[in-house]
Amino acid sequence: EVQLVESGGGLVQAGGSLTLSCAASGFGFDDYAIGWFRQAPGKEREGVSCIRSSDGTTYYADSVKGRFTISRDNAKNTASLQMNSLKPEDTAVYYCAAARGSINRFTWHWRSPYDYWGQGTQVTVSS
């Protein structure tokens, strides 16, 4: 059974930090790019960051560049999203997702390349 399980969400004050984790099982983690998406109430789900499997190339949304860092540990089948300098507008449910197909700078933030999704973890940033 394929599973992606996010953890690490919570309530934090503006300016604070959180680290989200994504634990994967049931598929060949090494062969998949891992993306992080978020969805705020009343808004579309948007791509936050992605790390490719082939060469470790990373991508970030402009809104989080310089504040968030994505990483992966293929030995542990996990991915992480370190979030610093959090802002109230970062409040959302955060999802990790896995993509077997081609991921590049044009496609990483699309939902369609991703084959598997986690259930999400809530991040709330208070002002």
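Between F37 and W117, a ring centre-to-centre spacing shorter than 6.0 Å is recorded.
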Could you check Q13 against L86 for side chain to side chain contact (heavy atoms under 4.5 Å, CB included), going step by step and ending with a plain yes or no?
CA-CA 8 Å; Q13 289 189 329; L86 283 161; over 6 Å; no
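Taking CD from Q122 and OG1 from T91, the interatomic distance works out to 7.0 Å, rounded to the nearest 0.5 Å. Interatomic distance, T121 OG1 to W36 CH2, rounded to the nearest 0.5 Å: 7.5 Å. Annotation: the span from K43 atom NZ to E89 atom CD amounts to 8.5 Å, rounded to 0.5 Å.
The cationic group of R72 lies under 6.0 Å from the six-membered ring centre of F29 and within 45° of the ring axis, placing it in a cation-pi geometry.
Residues Y94 and Y116 fall within the same hydrophobic cluster, defined by Ile, Leu, Val, Met, Phe, Trp and Tyr side chains chained together at heavy-atom separations under 4.5 Å. In the hydrophobic cluster analysis, where Ile, Leu, Val, Met, Phe, Trp and Tyr join through side-chain heavy atoms closer than 4.5 angstrom, V48 is grouped together with V125. Cluster annotation: V12 is connected to F68 through the hydrophobic network of ILVMFWY side chains, with a link wherever side-chain heavy atoms come within less than 4.5 Å. Residues I70 and Y95 do not share a hydrophobic cluster, clusters being chains of Ile/Leu/Val/Met/Phe/Trp/Tyr side chains in contact below 4.5 Å.
Here the options are T58, I103, I34, T57, the test is side-chain contact (heavy atoms from CB on, under 4.5 Å), and the partner is C50; only I103 passes.
Partners of C22 by disulfide bond (SG atoms under 2.5 Å apart), not counting sequence neighbours, listed by chain and number: C96. Partners of R52 by salt bridge (Lys or Arg N to Asp or Glu O under 4.0 Å), not counting sequence neighbours, listed by chain and number: D55.
Grouped by direct or indirect side-chain proximity (heavy atoms under 4.5 Å, Ile/Leu/Val/Met/Phe/Trp/Tyr only), V5 sits alone.
Looking at every heavy atom in both residues, P88 comes nearest to A14 through CD-CB, 4.1 Å. Closest approach of G101 and D115 over heavy atoms only: N-OD2, 4.4 Å. Across V2 and G26, no two heavy atoms sit closer than the pair CG2-O, 3.5 Å.
Judged purely by atom type and a 3.5 angstrom limit, Q82 has no side-chain atom pairing as donor or acceptor with the backbone of T19. Of the possible polar contacts, one joining the Y114 side chain to the W108 backbone as a donor-acceptor pair under 3.5 Å is found. Side-chain N or O atoms of S49 include one that pairs as donor or acceptor with a backbone N or O of Y59 at under 3.5 Å.
Between S17 and N84, some side-chain heavy-atom pair lies under the 4.5 Å cut-off. At a threshold of 4.5 Å between non-hydrogen side-chain atoms, the residues R38 and S63 count as touching. Contact check for L4 versus F27: side-chain heavy atoms found under the 4.5 Å cut-off. The shortest distance between side-chain heavy atoms of L20 and E6 does not fall below 4.5 Å.
More than 12 heavy atoms of other residues, nucleotides or ligands lie within 6.0 Å of NZ in K65, so this atom counts as buried by the packing criterion.
With salt bridges taken as basic N to acidic carboxylate O contacts below 4.0 Å, none links D90 and K87.
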